[in-house]
Each structure stands twice: as structure tokens, then as C-alpha cells.
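To start, the structure under review is shown below, and the notes come after it.
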Amino acid sequence: MGPVEFIQSADVTLSEKLLEVVYVIIGLVCIYAAVRNLRDRTNEKRVGTAVFWGVLGLLFVIGRWIPSELVGALVIVMVLPTIFRQVGAGVDKLRPTEAETAGGFEAIGTKIFIPAFSIGVVALVFALFTKISSLVGITVGVLLGMVILAVLRPKKNGPRVFLEDSRRMLDTVGPLIMLPTLLAILGATFTAAGVGDVISEIVGAVIPQGNLVVGIVVYCLGMAIFTVIMGNAFAAITVMTVGIGAPFVLSLGADPTVVGSLALTCGFCGTLMTPMAANFNIVPVAILEMGDEYGVIKKQVVPALIMLAFQIVMMIVLVAL
Amino acid sequence: MELIKLLGILIVVVGFALKWDSILTIMIAAVVTAVIAGMDPVAFLQTMGKGFVSNRNMLISVVIFLLTGTLERNGLKEAARSLMERVKNASAGLVMGAYGVFRVIFAAFNVGFGGVAGFVKPVVMPMAEAADEMDGRRISERHRDSLKGMAAGMENVAWFFGQVLFVGGSGMLLVQGTMSDLGYAVELPQLAAIQIPVAVVAVAVTTVYYFVFDRRLCRRDADELAKKSTAATDVSSAGGGAE
């Protein structure tokens, strides 16, 4: 189905159509970042940076309509500049100064929380009262927040400011913004290659299939331990769910909502305990100038273990009793 | 059993442990896994392409960036600071708890204030230190380091368990996608609703733990101070006296 038929088709829900609009907006923001970086002479890596954001933006606009092998090839083109360390940012002339943010607080004060909360509130309203994807809700919330912010300080917050600030955020986060998506793609590759099956064979050799409580305990502990090893619950959830969750828990009729939701946060308990999650556990040690490299992890182990136990019990109570 | 298929996992572990470029590590793991499984190149590209298209939702943060940068420019962090500073007459443990509650509520609406570098270091830590150093007391360096660990720990706990309350956060989108690949339809608001008691317990447990921990450190500081002052009196009564 091409884009025109897609929009005209009665079989496609309004939610799906609006979602594609959201993806086009994401694409355009990325393309804006690409163009701005390409023209930024202070950025030594402007070509690589423009390729990264440009291809990403393009994939958002046309990715759905072209053959998936072409999308795959473009994903590889997109990550090449990051692999060769050719993505960077120029001199950030628009970074808000302390005087500027203090001036903003003086002018708006705590009313700033109204646009700040608008994203979450509108997303929730969409989720509860419509059949439209909450991602569309988030986008509407963002637009509403922008309008409120513009009304609060019309002279300061023109359209250009929002665009430039989003470009600034993209430059700050950089290619790491792709990490969750790439981990999900890796999970899909693992699954397609049968990694999940190997894991479930290993687990099946150790524990009996058909006992829901045992399955839940192994799945939750597996999520936490696998996350400790991989350093990221997003990398663990796909493989663990295909390998252990599906054959040992879900196939016995457990509620997939409860199981999936809690499995992820069991993984987060693993994140709290591992030096592999350097962003959360090691980088703060440097930022806060602490003496002990594991000073943050040491304060997180007890809450993480308690929460892991709590969630295992909660899952058993909700689905197995 | 084809244990060799697990090589991709090993690559991720080694790559992250040796601090290779994370995107490079993921790509190598994906390619190696595909080669071992005997996937032909076109099928591999198709898997990647489909993976990208079906996970586009995880970049919803790009839309959110349209607002967050400008919120910061208009004094969001200053407003958050003024809200936090209403917590008065508390111990450091309670300051941490207050920050946890504050952080988890805002995280549920996907509002952040700059994490450890942007908020914990400039706002939470000074408040916590001031709380334990009231009335001219001094805290030991060990105590101070512990407080830093707690502040970063509360930041992580509240953010991890709070972000899953946000309908449309990337974690739950991934869960939804994984479940739908397995043939189970799950909805985002329900996925988030299950996390409400988890988030409440997580922040409560961490607060109690840090409160008790901090109290113990305060007592130890007082003991040490008392010991030092008796030692000092001993020394001065003996007529000696450097230090």
C-alpha cells in the first residue's frame, strides 16, 4: 500500500494514520538537525553528523513505504558515521546562560510546570479516553506545551527557539539516541537466529516445564541476572521473554500484561546492581567526585534486591494464585 | 544444542565490559549472530529493516525534545529548585526521600531536571549536606561520600520505576512490541498501571533504608566528635598541644 492509499483507506485506523504523521514530524526534526549541522562551520564532523541525522530523518519519513531490505541497508549507512566517530556537534552558541534561565524563572515562576506536565497529562487523556495511540497524545501534549510556553512569554519563545533547542538536545544526546532502537533490533535478530530457543533448551534442562511458580521465579531472576551481565534491561527483555517467559510462564496462561510489565522492572533491579550500566552507576561517581568507584552501586544493592523479591511475589500473587 | 548461537550475547558482554563503542558492539553482535545462524544477507537486512520500522516509536523522545530544551531555557530547573527547597527541618535521609517522591511523580509525566549533573549535584546534595550540618555540626568525609551515593541511588531508583508509569515510555513500548511478536496483545495504560504499587514501594523502601543509614552515620559522626574532644582535653590537660 502506498502513502496515498494509506491515507484514503478506510481499513487503516485514524490512530495509525496520525501515528505516521508523528513519525513524519520526528523525521523533519532530524532532517532540520542534519541541515543545521551541515551548515555549521564550527563543527569539524559536519558531514558525518549530517549523514547520521539526515538518513535517520529520511528513514522516518519514507521507511514505511520502501522495501525492508532497503531500510536495513540505510540503517547500516546511518550508523557508519558513528562507528567511525564522525558524529559530533559544533560550538553551541545558543546554550541558555544562567542569567537567561534565571530570567525565565523570574518571569514565569512555577507556572512553567503547566507546559512541563502537559505532555504526560495529554498522553494519559489520550490513553484513557480515546483509541488513538498515546504517542499521538504525547505529540499533541508537546504541541500544547509549546503553545502555552509561547503564550507565557511571547517575545522570547518563537517557533525558531523551539526548533533550535530541539536541535541542541539532539546534538547533546547524539547517536546514543539510537541505542534502545538498536538493542530492540538486536533482540529481533537474536530471535530470528534462534537464540531464544537455545536459552529455553538450557533452562528446560534445569527446571521442570509446567510449574508456573518456578517459571516466574526463573524468568524474573533471569531478567535481573541477564541485565547485570548485559548492563541494559532493554537488551535482556526480548531474549529472556522469548527464551524463558514464553515457554515457562506465558504458555501456562499467565496474564501477559502483568508478566511483561514486571519482567522489565525486574531487569531494572539488575541495572541498579551492575557496573556495566556505567551511565547510571559509574558516571555519577565521577560527576559527584566520590572516592569509591562502586559507591553508587553499594547504596543501590539493598533496595534492588528488596524490589526484585517484591516483584517476584507480586507476579506470583497476580498470575499464579 | 547450538551453544555457538549465544556468541552474539558474549560479544555484547565483552564489548560493553571493554567499553567498545556501544553501537559498534551491537552491530557486530547482530552480524555475527546472523552469520552463525546462516541467515542470507538479504534476510538479515530485512530483519534489521523490519526491526527499525516496528521500533520507530522508541524515538518519540525526538518529539519531546521540541519542548524540553525550551522548558529548560525558561527556568524549569530553577522552578524545581524552589519547589525542593520547601523541604525544611529535615535530615539528609528525609531530603533524599522528598527528592525521590518529587522525582518519581515528575518522571511519571516524563519531566526531568537534568539528572545527576543537572540537579542532584547542584540542588539535592547541598540540601542534604546542609540538613546534616545544621547547628554547626560537621559531617565526616565518609558520611559525605555516603550521601552522594544515596543521592545518585535515589535518582536512579525514582527515575527507573517512575519512567515506566509514563504511558508511551520506551521501556513499555519495547515490552508491548516483544509481546506482540509472541502473539500477545497488551495495552500501554495497563502495563503502566501495574507499575503504580511497584513505584510506591520502591521509593518508600529506598527512603526508609537511606533514612536509617543516614541516622547511623550521624550517630557515628557524633561519637567520633566526642572521642576527639575527650582526646583533645586529655592532651591539653597533659600540657601538650599540637593539633
Side-chain angles (χ1 to χ4, degrees), chain A residues 26 29 63 68-69 71-72 75 79 82-83 96 101 104-105 110 112 116-117 120 123 127 134-135 138-139 142 145 162 165-166 168-169 180-182 184-186 188-189 192-193 195 198 201 231 238 241 246 256-257 260-261 264 268 276 280 284 287-288 290-291 295-296 299-300 303 306-307, chain B residues 1 5 13 16 23-24 26 30 33 37 42 45-53 55-56 58 60 62-63 65-67 69-71 73-76 78-79 109-111 116-117 145 148-150 152-153 156 160 167-168 170-171 175 178-179 182 184 186 188-191 194 202 205-206 209:
Chain A
I26 294 177
V29 173
S68 50
E69 57 268 28
V71 176
V75 169
V79 297
T82 74
I83 289 172
T101 57
F105 179 55
T110 41
I112 189 93
F117 272 104
S134 37
L135 299 193
I138 290 173
T139 310
V142 167
F162 290 102
D165 279 338
S166 66
R168 189 165 55 83
M169 300 292 286
T181 315
L182 290 175
I185 293 178
L186 180 63
T189 314
V195 173
V198 177
E201 270 181 66
T238 318
T241 304
T257 309
S261 184
L264 184 75
F268 286 178
M276 294 285 283
F280 298 109
I287 296 174
L288 294 170
M290 297 168 61
V296 172
K299 293 288 181 296
Q300 292 176 165
I306 293 174
M307 288 318 294
Chain B
M1 211 177 336
K5 281 188 178 171
V13 172
F16 281 7
I23 290 179
L24 178 63
I26 293 170
T33 304
V42 176
L45 287 180
Q46 280 172 343
T47 309
M48 291 217 29
K50 278 186 201 139
F52 178 86
V53 171
N55 284 295
R56 282 181 298 174
M58 301 189 89
I60 191 70
V62 174
V63 169
F65 283 166
L66 275 171
L67 185 57
T70 311
L71 282 173
R73 188 180 290 283
N74 283 272
L76 179 65
E78 283 75 3
F109 292 89
N110 201 47
V111 180
V116 173
D145 252 26
K148 289 174 178 175
M150 289 183 214
N156 285 337
F160 288 6
V167 176
S170 53
V175 170
T178 307
M179 287 296 168
L182 289 167
Y184 300 102
V186 294
L188 294 174
Q190 280 82 343
L191 286 173
I194 288 160
V205 161
T206 313
Y209 174 59

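Quick note on labels: first sequence line is chain A, next is B, and so on, each numbered from 1.
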Flag the pair [X] / [Y] as yes when at least one side-chain heavy-atom distance between them is below 4.5 Å, and no otherwise.
X        : Y        : result
B:Leu66  : A:Val29  : yes
B:Leu191 : A:Leu264 : no
A:Arg168 : B:Arg73  : yes

Between [X] and chain A, which part of the residue has a heavy atom less than 4.5 Å away: side chain, backbone, both or neither?
X        : value
B:Leu188 : side chain
B:Ile194 : both
B:Met179 : side chain
B:Asn110 : neither
B:Val167 : both
B:Tyr209 : side chain
B:Val42  : both

Keeping [X] on the side-chain end and [Y] on the backbone end, is there a donor-acceptor pair under 3.5 Å?
X        : Y        : result
A:Lys299 : B:Gly149 : no
B:Asn55  : A:Thr181 : no
A:Thr101 : B:Gly75  : no
B:Asn156 : A:Phe280 : yes

Between [options], which residue shows the highest count of heavy-atom pairs closer than 4.5 Å to chain A?
options                               : result
B:Val111, B:Thr178, B:Asp145          : B:Asp145
B:Val53, B:Thr47, B:Ile60             : B:Ile60
B:Gly69, B:Ala117, B:Gly51, B:Ala37   : B:Gly69
B:Val175, B:Leu71, B:Thr206, B:Val186 : B:Leu71

Side chain / backbone / both / neither for A:Met307 at chain B, heavy atoms under 4.5 Å
side chain
Can you say whether A:Val142 sits under 4.5 Å from chain B via the side chain, the backbone, both, or neither, judging by heavy atoms?
both
Output all residues satisfying side-chain contact (heavy atoms from CB on, under 4.5 Å) with A:Ile306, sequence neighbours left out; order by chain, then residue number.
A:Val302, B:Val205
With sequence neighbours excluded, tell me which residues meet side-chain contact (heavy atoms from CB on, under 4.5 Å) with B:Thr33.
A:Phe190, A:Ala193, A:Val195
Would you tell me whether A:Asp165 and B:Thr70 have side-chain atoms, one donor and one acceptor, within less than 3.5 Å of each other?
yes
According to the interplanar angle, ranging from 0 to 90°, do the rings of B:Phe109 and A:Phe117 count as parallel (below 30°), tilted (30 to 60°) or perpendicular (above 60°)?
perpendicular
